[in-house]
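What follows is a single structure, written as structure tokens, with notes after it.
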Number of protein chains: 2
Amino acid sequence: MVVYQHSDLNLTDDEVDRIFRALADATRRDIMRRALVGEESISDLANGYDMTFAAVQKHITVLEGAGLVTKHRSGRERLIRGNPEAIRKARTLLNTYERIWQGRIDQLDALLTDD
Amino acid sequence: MVVYQHSDLNLTDDEVDRIFRALADATRRDIMRRALVGEESISDLANGYDMTFAAVQKHITVLEGAGLVTKHRSGRERLIRGNPEAIRKARTLLNTYERIWQGRIDQLDALLTDD
DNA sequence: CTGATATACAACCATTAGGTTTCATATTAG
DNA sequence: CTAATATGAAACCTAATGGTTGTATATCAG
């Protein structure tokens, strides 16, 4: 019997919840994207959206709580930097699901070829 | 200048929201996993969790709304089948973010090699 | 020093989410 | 036919989310 052991990502359910939850909002995905392109201050980020500074600040807090971005002080500013490692973890998890499905197909193949 | 055009997934913000939102819950991820391994009825799925049938039914509705699973009638049962295509879309989107970050590195490389 | 800018954070509000219980309907078993 | 099973869906409750305004604090510019 073929066993598909999912790669151990050392992620708790809670951590995975937070990552996907953080990505489930278009504004946060855009902030994430900008923070991956290059560091930006919270004010600069906030200027890009039609909502208050405080609202953007909260979105950044959500991203930070998921480990998707980090804050770095620079004078009176806080620069927001995207963390590709967290993204990679989420992607790896999705790969696992795809392999589970692929596994089902492989088993079907095995049955058909009847080896 | 190198432009990184993200692969067009033909996904609206709303669709992406729903996919990530649906994945942001451990129970739903487990239902998803089981539905990818093989079709199961709603009752069978519900028996695996410490919550009411109606609660599990709602989770399945969320997954279905995101296109992550589909329902197929079989007599009085509804079989839930995982849809790997939706998973693939989400993964591809995360790949895009990783490439954006990688792009930043490439640009830095270009600066350093000064060509 | 003073005023302007950048951030943090609390209190509040409306909507959504995740759960429950209850009832209705469809299908199968006997 | 009748009882049991499988699903659907409404009404309800509580907590979390996503937004607001308002206030406080830190830092920079001149």
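Order of the sequence lines sets the chain letters (A, B, ...), proteins ahead of strands, with each chain counted from 1.
- In this model, the phosphate group of C:dT7 is not approached by any side-chain N or O of A:Gln57 to a distance below 4.0 Å at OP1 or OP2.
- A:Thr52 comes within contact range of at least one nucleobase, with a heavy-atom separation under 4.0 Å.
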Donor-acceptor pairs under 3.5 Å, side chain of residues 25-39 of chain B to any protein atom, not counting sequence neighbours: which ones?
unit_1, atom_1, unit_2, atom_2, d
B:Asp25, OD1, B:Thr27, N, 2.9
B:Asp25, OD1, B:Arg28, N, 3.0
B:Arg28, NE, B:Ala22, O, 2.9
B:Arg28, NH1, B:His59, ND1, 3.2
B:Arg28, NH2, B:Arg21, O, 3.1
B:Arg29, NH1, A:Asp17, OD1, 2.9
B:Arg29, NH1, B:Leu23, O, 2.7
B:Arg29, NH2, A:Asp13, O, 3.2
B:Arg29, NH2, A:Asp17, OD1, 2.8
B:Asp30, OD1, B:Arg33, NE, 3.1
B:Asp30, OD1, B:Arg33, NH2, 2.9
B:Asp30, OD2, B:Tyr49, OH, 2.7
B:Arg34, NE, B:Glu40, OE2, 3.0
B:Arg34, NH1, B:Leu45, O, 3.2
B:Arg34, NH1, B:Tyr49, OH, 3.3
B:Arg34, NH2, B:Glu40, OE1, 2.8
B:Arg34, NH2, B:Asp44, O, 3.2
B:Glu39, OE2, B:Arg81, NE, 2.8
B:Glu39, OE2, B:Arg81, NH2, 2.6

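- A heavy-atom distance below 4.5 Å is not found between the side chains of B:Lys71 and B:Leu79.
- Residues satisfying the side chain to side chain donor-acceptor pair (under 3.5 Å) criterion with A:Glu15, sequence neighbours excluded, are A:Thr12.
- Nearest approach of A:Ala86 to A:Leu68, heavy atoms of both residues: CB-CD2, 3.7 Å.
- Taking only side-chain nitrogens and oxygens, B:Arg73 comes nearer than 4.0 Å to OP1 or OP2 of C:dT27.
- Under 4.0 angstrom from either OP1 or OP2 of D:dG18 there lies at least one side-chain N or O belonging to A:Arg21.
- Fit an axis to the five pairs at each end of the helix from C:dC1-D:dG30 to C:dG30-D:dC1 and the two axes sit 30° apart, to the nearest 10 degrees.
- Each of B:Gly75 and A:Lys58 has a nearest nucleotide on DNA chain C; the 5'-most of these lies closest to A:Lys58.
- In this structure, A:Asp25 atom CG and D:dG19 atom P are separated by 6 Å, rounded to whole Å.
- Between A:Phe53 atom CZ and D:dG18 atom P there is a gap of 18 Å when expressed in whole angstrom units.
- Of the candidates C:dC9, D:dG18, C:dT20, D:dG18 carries the atom nearest the A:His59 side chain, counting heavy atoms from C-beta on.
- One can place CD1 of A:Ile60 at 8 Å from P of C:dT7, the figure rounded to the nearest angstrom.
- C:dT7 atom P lies 8 Å from atom CG of A:Asp44, rounded to whole Å.
- Below the 3.5 angstrom threshold, one finds a donor paired with an acceptor across the side chain of B:Arg76 and the base of D:dT5.
- Note that NZ of B:Lys58 and OG1 of B:Thr52 are 8.5 Å apart. Values are rounded to the nearest 0.5 Å.
- As a whole-Å value, the separation of B:Tyr49 OH from C:dG19 P is 12 Å.
- A donor atom on one side chain and an acceptor atom on the other are not found under 3.5 Å apart for B:Ser74 and B:His72.
- In the interface, the side chain of B:Arg78 is not paired with the base of D:dT7 through any donor and acceptor atom under 3.5 Å apart.
- What separates CG of A:Asp17 from P of C:dG18 is a distance of 10 Å, to the nearest Å.
- Atom CG of B:Asp30 is separated from atom P of C:dG18 by 16 Å (rounded to the nearest Å).
- Phosphate contact (OP1/OP2 of D:dG8, side-chain N/O of B:Lys71, threshold under 4.0 Å): present.
- Annotation: of the two residues near DNA chain D, A:Val62 and B:Glu77, the 5′-most nearest-nucleotide partner is B:Glu77.
- Straight-line distance from the CD1 atom of B:Ile31 to the C1' atom of C:dG18: 12 Å, rounded to whole Å.
- The listed nucleotides are D:dG8, C:dT21, C:dT7; the one nearest the side chain of A:Ile42 is C:dT7.
- Between the side chain of B:Arg18 and the main chain of B:Gly65, a donor-acceptor pair closer than 3.5 Å is present.
- Expressed to the nearest 0.5 Å, how far CG of B:Leu93 lies from CG of B:Leu11 amounts to 7.0 Å.
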